[in-house]
Structure formats: structure tokens, C-alpha cells
Amino acid sequence: MRYDLIIFDNDGVLVDSEPISNRHLAAYLTELGHPTSYEDSIRDYMGSAMHRIHELVLERTGQQLPDDFDDVLHARVFAAFERELKPVAGVDGVLEKLAADGVPYCVASSGSHERIRVGHRATGLDRWFEEERIFSSQDVGRGKPAPDLFLFAAERMGTAPQRCLVIEDSPLGVRAAVAAGMDVYGFTAMTPAVKLAGASQLFSSMGELADLLV
């Protein structure tokens, strides 16, 4: 293993949440008078912390989103998670191999701690992620594409940035990992490879990732 720590993004990498999340985000923004298609949401917000949604809407429209925007969106998304959410195909096998080989790993997500835990409980991935392995943009001042979250996770896990590998599926996440001085493998299941061009490697399935991590 060339790396001392594997840092996983959560949404779209561990849990197959991006279709659910972006469907509800697009519908809610449209409901509030900001017409947004599912494709728009994927393009503009995939991999973003919540503050970036507020910032982009304000920048584009001059209007503030409602004070309860985050709470309402989370309630809708979490309810859908309980009904629909699945782990990304093959990710259990990757985590099982890392655990068996004694390779340290963690998750560093733009989502809130609550979002991470809800998703992990719904998919059974909570068995792989104790509290000390979970890091959220809530823990730092700036979310992706700033490097802060990945650097914070590496520090807390006791690993130098250059010894870390990030697994990401969003352009914002790839930019954050590169800015942190970390290698990053880009998951192309939902994101065109050209948009993850800054990644050290690209892969399209968890089986392929398992081979890359040997």
C-alpha cells in the first residue's frame, strides 16, 4: 500500500445518495422560485457544503434562501434516505479489505454529521465507521473546494497529507484534495471523466478501485 490513510468522500462514493439528494434539492429550489433541473443541481451543487448553495443562489438572484432552508431540505432528504438509500455497489468489499489489511481509512464529507450518520445507518455502513473516522465540513471553516476538511481529517488521523489518498466523485472534491497536497482517485460513475481531470487515477467501479488499492 502506497498510502498511510485512505480518505473517502461520502455522497456518491460510500452511499448512492446523489440522485436522491439532487432530485430533492432541485425540486425545493424550484418550489422557492429558483427553477432548477436535476441536471442543474448535479452540475452546480454536487459535492457542495450547504453554505455554497446559499452563496450561489444569492450571487445569481440577489435573494436569500429562507432561514429554515437547510432544515426543510434535510428533512425531505433524510426521509427519502430511509426509504431508498443504498450503499454504492461494491463499497462494502473495499472497506472489508482495508479493515482486514489494517489500512487506516476515514470519511470526509461536505455533508453534516447528521447526514453522514443517517446515510450510514440506512445502508449498514455504520459498522465500518466509528465516530473517530467521521469528518464533516461542519468541523472546519470552509468546505470543498478549500482543502481545509481533508487537511483536518489527515491531522486528526495522524497522517501527513502527502501520505493520504482521497476517493472522490465531484470536481469540487478533486480540487480540494489537490489543494491539500494529496493524491486523489476520481470515481466516474456519475461524473464525466473530463470533469475529474485533476485526479491521479480514474475508476468507474468499486471493483476497479479495489484493484488500484492493492
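Keep in mind it's a predicted model, so treat the numbers as computed, not measured. In this chain, numbering begins with 1 at the start of the sequence shown.
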For this session: If the plane angle is over 60° it's perpendicular, under 30° parallel, otherwise tilted; pick one for Phe187 and Phe203.
Result: parallel
Exercise. Atom CG of Leu212 and atom CD1 of Ile167: how far apart are they, to the nearest 0.5 Å?
Worked result: 8.5 Å
For this session: Would you confirm whether Arg163, through its side chain, and Arg2, through its main-chain N or O, come within 3.5 Å as a donor-acceptor pair?
Result: yes
Problem set entry | Spatial distance of atom CD (Glu132) from atom CD1 (Ile134) [nearest 0.5 Å] | 8.5 Å
For this session: Answer yes or no for Arg156 and Phe135: cation-pi contact, defined as NZ/CZ to six-membered ring centre under 6.0 Å and angle to ring axis within 45°.
Result: no
For this session: Indicate if Met50 and Val107 have the same hydrophobic cluster label, given that clusters are the connected sets of ILVMFWY residues with side-chain heavy-atom separations under 4.5 angstrom.
Result: yes
For this session: Would you check, one step at a time, whether the test side chain to side chain contact (heavy atoms under 4.5 Å, CB included) holds for Val91 with Val13?
Result: CA-CA 8 Å; Val91 78; Val13 172; 5.6 Å; no
For this session: Kindly say whether Ile42 contributes a backbone atom to a donor-acceptor pair with the side chain of Glu18 at under 3.5 angstrom?
Result: no
For this session: Decide yes or no on side chain to side chain contact (heavy atoms under 4.5 Å, CB included) for His34 and Thr61, but give the supporting numbers first.
Result: CA-CA 8 Å; His34 307 293; Thr61 70; 3.7 Å; yes
Seminar exercise, completed: Between Ala199 and Leu202 the two heavy atoms that sit nearest each other are CB-CD2, 3.9 Å
For this session: Could you tell me whether the side chains of Thr191 and Asp169 share a donor-acceptor contact shorter than 3.5 Å?
Result: no
Problem set entry | Connected via hydrophobic side-chain network under 4.5 Å: Leu14 and Met46 | no
For this session: Identify the two heavy atoms, one from Met190 and one from Tyr38, that lie closest to each other, and give their separation to 0.1 Å.
Result: CE-OH, 3.7 Å
Exercise. Could you go step by step and tell me if Arg117 and Glu114 meet the salt bridge (charged side-chain N to carboxylate O under 4.0 Å, His left out) rule?
Worked result: CA-CA 5 Å; Arg117 291 191 188 96; Glu114 183 183 13; over 6 Å; no
Problem set entry | Spatial distance of atom SG (Cys164) from atom CE (Met157) [nearest 0.5 Å] | 9.0 Å
For this session: Following the transitive rule for hydrophobic clusters with a side-chain heavy-atom cut-off under 4.5 Å over Ile, Leu, Val, Met, Phe, Trp and Tyr, establish whether Leu58 and Leu73 coincide in one cluster.
Result: no
For this session: Check for a donor-acceptor pair, side chain of Tyr105 on one end and backbone N or O of Trp128 on the other, with a separation under 3.5 Å.
Result: yes
For this session: May I ask you to say whether Asp148 pairs ionically with Arg142, meaning some side-chain N is under 4.0 Å from a carboxylate O?
Result: yes
For this session: For residues Gly12 and Ser17, report the shortest heavy-atom separation together with the two atoms involved.
Result: N-OG, 3.8 Å
Exercise. Can any side-chain N or O of Ser109 pair as donor or acceptor with the backbone N or O of Ser136 at less than 3.5 Å?
Worked result: no
Exercise. Is a side-chain donor or acceptor of Ser110 paired with a backbone partner of Gly47 at a separation under 3.5 angstrom?
Worked result: yes
For this session: Flag the pair Arg175 and Glu168 as a salt bridge only when some basic side-chain nitrogen lies within less than 4.0 angstrom of an acidic carboxylate oxygen.
Result: no
For this session: Start with the C-alpha distance between Asp139 and His113, add both sets of side-chain angles, then the distance that settles side chain to side chain contact (heavy atoms under 4.5 Å, CB included), and finish with yes or no.
Result: CA-CA 9 Å; Asp139 300 325; His113 278 280; 2.9 Å; yes
Problem set entry | His24 to Ala80 - nearest heavy-atom pair and separation | NE2-CB, 3.6 Å
For this session: Measure the shortest side-chain to side-chain distance between Val166 and Asp9 over non-hydrogen atoms and say whether it is less than 4.5 angstrom.
Result: no
Problem set entry | Residues Glu55 and Arg52 bridged, charged N to O under 4.0 Å | no
Exercise. How many angstroms lie between CG in Asn22 and CD in Glu39, if you round to the nearest 0.5 Å?
Worked result: 10.0 Å
Exercise. Looking only at heavy atoms, what is the nearest atom pair of Ser41 and Leu25, with distance?
Worked result: OG-CD2, 3.4 Å
Exercise. Are Leu149 and Phe8 connected in a single hydrophobic cluster, I mean Ile/Leu/Val/Met/Phe/Trp/Tyr linked by side-chain heavy atoms less than 4.5 Å apart?
Worked result: no
For this session: Please check if atom CD in Gln64 has more than 12 non-hydrogen atoms from other residues, nucleotides or ligands closer than 6.0 Å.
Result: no
Exercise. Roughly how far apart are Leu125 CG and Ile116 CD1, rounded to 0.5 Å?
Worked result: 12.0 Å
Exercise. Taking the six-membered ring for Trp, are Phe81 and Phe78 parallel (under 30°), tilted (30 to 60°) or perpendicular (over 60°)?
Worked result: tilted
For this session: Answer yes or no: is there a donor N or O on one side and an acceptor on the other, between the side chain of Ser204 and the main chain of Ala189, under 3.5 Å?
Result: no
Exercise. More than 12 non-hydrogen atoms from neighbouring residues, nucleotides or ligands closer than 6.0 Å to CG on Asp67, yes or no?
Worked result: no
Exercise. Among side-chain atoms of Ser21 and Arg115, is any donor-acceptor pair under 3.5 angstrom?
Worked result: yes
Seminar exercise, completed: dist Leu213:CG -> Asp101:CG (nearest 0.5 Å) comes out at 10.0 Å
Seminar exercise, completed: Taking every heavy atom of Ser170 against every heavy atom of Leu196, the minimum-distance pair comes out as C-CD2, 3.6 Å
For this session: Starting from the C-alpha separation in whole Å, work towards a yes-or-no answer on side chain to side chain contact (heavy atoms under 4.5 Å, CB included) for Val57 and Phe69.
Result: CA-CA 12 Å; Val57 170; Phe69 178 85; over 6 Å; no
Exercise. Honestly curious: do Val178 and Leu172 fall in one hydrophobic cluster under the side-chain, below-4.5 Å linking rule?
Worked result: no
For this session: Specify whether Tyr3 and Tyr185 have parallel, tilted or perpendicular ring planes, treating 30° as the upper limit for parallel and 60° as the lower limit for perpendicular.
Result: perpendicular
